[in-house]
Number of protein chains: 2
Amino acid sequence: MGSKAHDILLRNLELHLQLTSEEVDAVTALPIQLAQVERGDVIVREGDKPETSFLLVTGFACTFKVSGAGDRQIMAVHVPGDLPDLQSLHIETLDAGVSAISACELGYIRHTDLRQLCLEHPRIAAILWRLTLIDAAIFKEWVLNVGRRSATQRLAHLICEIYVRLDRIGLVEQGICSIPLTQVELADCTGLSVVHLNRSMQELRANGLVRWHGKTVEVPNWQNLAKAGDFDATFLHLKPSANWLWT
Amino acid sequence: MGSKAHDILLRNLELHLQLTSEEVDAVTALPIQLAQVERGDVIVREGDKPETSFLLVTGFACTFKVSGAGDRQIMAVHVPGDLPDLQSLHIETLDAGVSAISACELGYIRHTDLRQLCLEHPRIAAILWRLTLIDAAIFKEWVLNVGRRSATQRLAHLICEIYVRLDRIGLVEQGICSIPLTQVELADCTGLSVVHLNRSMQELRANGLVRWHGKTVEVPNWQNLAKAGDFDATFLHLKPSANWLWT
DNA sequence: CGTTCTCTTGAATCAATTCAAGGCTGGTGG
DNA sequence: CCACCAGCCTTGAATTGATTCAAGAGAACG
C-alpha cells in the first residue's frame, strides 16, 4: 500500500478538498491493481459491465463512441489522475468506451471497495461525485464546441483545455507540454475530417498560436490562443469554493 | 408536506431504486418551495451560485450555453421529474444556464436539506449521484450526435430521445405526445441553422417518420424513426440492474 | 529497408449557412 | 369583429465551410 497510484489518486482528491489523516489512510489502504496498456488498446468497451473502475496513473486516454455509420467521436481526453470510468460505480452498463492514446499505467479499484470508502467517508464520496460532475461539465462544453464553433475555434479550444489540465498536474513547463494526440484523434475530438483538421492546425500555426510538432506542443501566447478558441476555463471548475460542504 | 412536487420526485427516484418507508418519509419531509415561470424565462444563469436545486414539476426546460459569437447551444432537454441543476450541490458555480421552454412549475429544494438527506440516507445519495451520471451519459451522446451525425439523423435522434423519456413518465399515448419546442430550439439542440433544421424536419415528414404540427408530435413507426436517427436507448440507462448497490 | 502510420496538398463535390422574403397563426387592441 | 403585430414556419438562391477523393512526402518501426 502507498504506491505511486495511491499518490496520484490522493493528489487528485486533494485538489478538491483537504483530506483528514483518517481519510488519507482510508485511501491509502485501498487495494489498487496495477496494469499496463499499449497505445491504441481499448481499455473498456461500450456495453461492458465492469466491477472495477480504473485510475489513469500515467499516460493519456480518451472516452469515445462510434456512430452507426462507423465514425468515431471522442468526448473526453483523460490525463494522469483521472478516473475515466468512475461512472460505472452507479451505472451498470458503460455507454462509451475508453481507449489508450499513449501507453498507460492503470490502477484498477474494485467497486465494492469504492462503495465501502464512500459509506465510511462521505466527504470522499462528495469529492468523487464532484469529479463526475466536472466530467459532465466538460461534456457540456464539448457539445457547445462541436455544435457552435468554427473548425479553428474548436481546435484552439481543445488545445486550451488539455493545456490547462496538464498545467494543473505540473506537466507544462515554460509553455511547452507533450500531447500524444495524432491529427486523426484531434479530428475525432472536434467532429471534423482529418483533412480539415490539418488545415485548421496550419491556420493556428500561421497565426503563431501554437507550435505543434510530433508530440511537442508549445503555446507561445496563452491569451491569444484562449481568445482564438473562445476559451474560458470556468467550466473546468479547477478550484472548489472555500465553503464547499460547509454551508 | 406530501405535495404534488414530492410525488413527482418520489416517482422519479423509485424508477431507480425501490425506497424503504423511512426513505420515502425522509423525501416527503423535504421542504420544497414551489414557483412558476413563463415560457422563455431563464431559471438559472451560467455563473450563478445557487444554494438550492430545483425539481421540474411540470413543463419543459433546457440547459444551454452561449458561445462568444452569441450562438446558443442547448445541451439537454428536461422533462417533469428532472433535477436540471442538481450538479450545483457539489459544484459551486453553474457552468450552464437553464431556461423554460414552456410555462413550468418548479420546486426549489435547499442544498443543506439535500446534503442532510444524502448523509442520512446513502441509498438516496446513490440515486441522486446516478441521476447526474445519466445526465452525463446524455451529454456524451449529444457530442456524438452533433459531431458525427447528419442533420436528419440528429433531428431524428433528438426526437427519439425526448419521445422515450416522455413515454417513461406516461406522457405518450398511442404514439402521440406534446413537445413544445420550436424549430429555433430544435436547431439549437442539434447545432444546425433554423433553415436547415426546417428542411431536415420536412425530410422526416416526407419519409413518414414523424408528424409534427405545433406542439403535437406523432411517431407513426417507432422502429423506423429510431433507425433513421441511429438511436439506441441504452445511453438513457432507463433501468438499473437488479443488483445495483448489492454487490 | 520496406511497411505502416502520420501529415500534407490540390481539386471536385456536397452539406449546411446566410440572406432575403413571404405566408401562416394566435393573440391583442381598436 | 376585424385589423394588426409578433413569433414561427417555409421557400428560393447565392455563398461558404467542410468533406471526400486521390496522391505524395515524411517519420517511425521492426
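The figures here come from the full heavy-atom set of this structure, side chains too, leaving out hydrogens, waters and symmetry mates. Proteins come first, then strands; the chains are lettered A, B, ... in the order of their sequence lines, and each starts at number 1.
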In residues 180-198 of chain B, what residues come within less than 4.0 Å of DNA chain D, judged by heavy atoms?
B/Thr182, B/Gln183, B/Val195, B/Asn198
Can you list, in residue-number order, the parts of residues 143-163 of chain B that come under 4.0 Å of DNA chain D, counting heavy atoms only?
none
Might you point out which heavy atoms bring [X] and [Y] nearest each other, and give the distance in Å?
X        : Y        : answer
A/Leu181 : A/Cys189 : CD1-SG, 4.2 Å
B/Ser88  : B/Thr52  : OG-O, 3.8 Å
B/Trp212 : B/Ile159 : CZ3-CG1, 3.8 Å
A/Arg148 : B/Ala187 : NH2-O, 3.1 Å
B/Asp82  : B/Val77  : OD2-O, 4.2 Å

Does a side-chain N-to-carboxylate-O contact under 4.0 Å join A/Lys65 and B/Glu141?
yes
Is it true that A/Arg165 and A/Glu161 have a side-chain N and a carboxylate O under 4.0 angstrom from each other?
yes
Opening and closing nucleotides of DNA chain D in contact with chain B, under 4.0 Å to non-hydrogen atoms:
D/dC8 to D/dA13
Sequence neighbours left out, cut at 3.5 Å: what donor-acceptor pairs do the side chains of residues 32-42 of chain B make with other protein atoms?
| residue | atom | partner | partner atom | Å |
| --- | --- | --- | --- | --- |
| B/Arg39 | NH1 | B/Ile101 | O | 2.3 |
| B/Asp41 | OD2 | B/Glu38 | N | 2.9 |

Output the rounded distance in Å from [atom1] ([X]) to [atom2] ([N]).
X        : N      : atom1 : atom2 : value
A/Lys215 : C/dC5  : NZ    : C1'   : 12 Å
A/Asp71  : C/dA15 : CG    : P     : 14 Å
B/Arg39  : C/dG27 : CZ    : P     : 12 Å

If we count only N and O atoms by modelled type, under 3.5 Å, do the side chains of B/Thr93 and B/Lys49 hold a donor and an acceptor together?
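B/Lys49 and B/Thr93 do have a side-chain donor-acceptor pair below 3.5 Å.
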Establish, from distance only, whether the side-chain atoms of B/Glu203 and B/Thr152 form a donor-acceptor pair under 3.5 Å.
yes
Go ahead and write out DNA chain D as dot-bracket, 5' to 3': ( ) for pairs within the strand, [ ] for ones crossing earlier pairs, | when the partner sits on another strand, dots for unpaired; Watson-Crick or G-U wobble, both distances under 3.5 Å.
|||||||..|||||||||||||||||||||
Distance test, side-chain N/O of A/Arg205 to OP1/OP2 of C/dC7, below 4.0 Å:
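It does not, given that no N or O in the side chain of A/Arg205 lies less than 4.0 Å from OP1 or OP2 of C/dC7.
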If the test is side-chain contact (heavy atoms from CB on, under 4.5 Å), which one of B/Leu155, B/Asp188, B/Val184 qualifies with B/Leu197?
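Of the listed options, the one satisfying the test is B/Leu155.
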Report all side-chain donor-acceptor pairs from residues 228-238 of chain A shorter than 3.5 Å, counting only partners two or more places apart or in another chain.
| residue | atom | partner | partner atom | Å |
| --- | --- | --- | --- | --- |
| A/Asp230 | OD1 | B/Gly68 | N | 3.4 |
| A/Asp230 | OD2 | A/Arg149 | NE | 2.9 |
| A/Asp230 | OD2 | A/Arg149 | NH2 | 3.4 |
| A/Asp230 | OD2 | B/Gly68 | N | 2.8 |
| A/Asp232 | OD1 | A/Thr234 | N | 2.9 |
| A/Asp232 | OD1 | A/Thr234 | OG1 | 2.6 |
| A/Asp232 | OD2 | A/Thr234 | OG1 | 3.3 |
| A/His237 | NE2 | B/Asp95 | OD2 | 2.8 |

Aromatic ring proximity A/Tyr163/A/Trp222, centre distance under 6.0 Å
yes
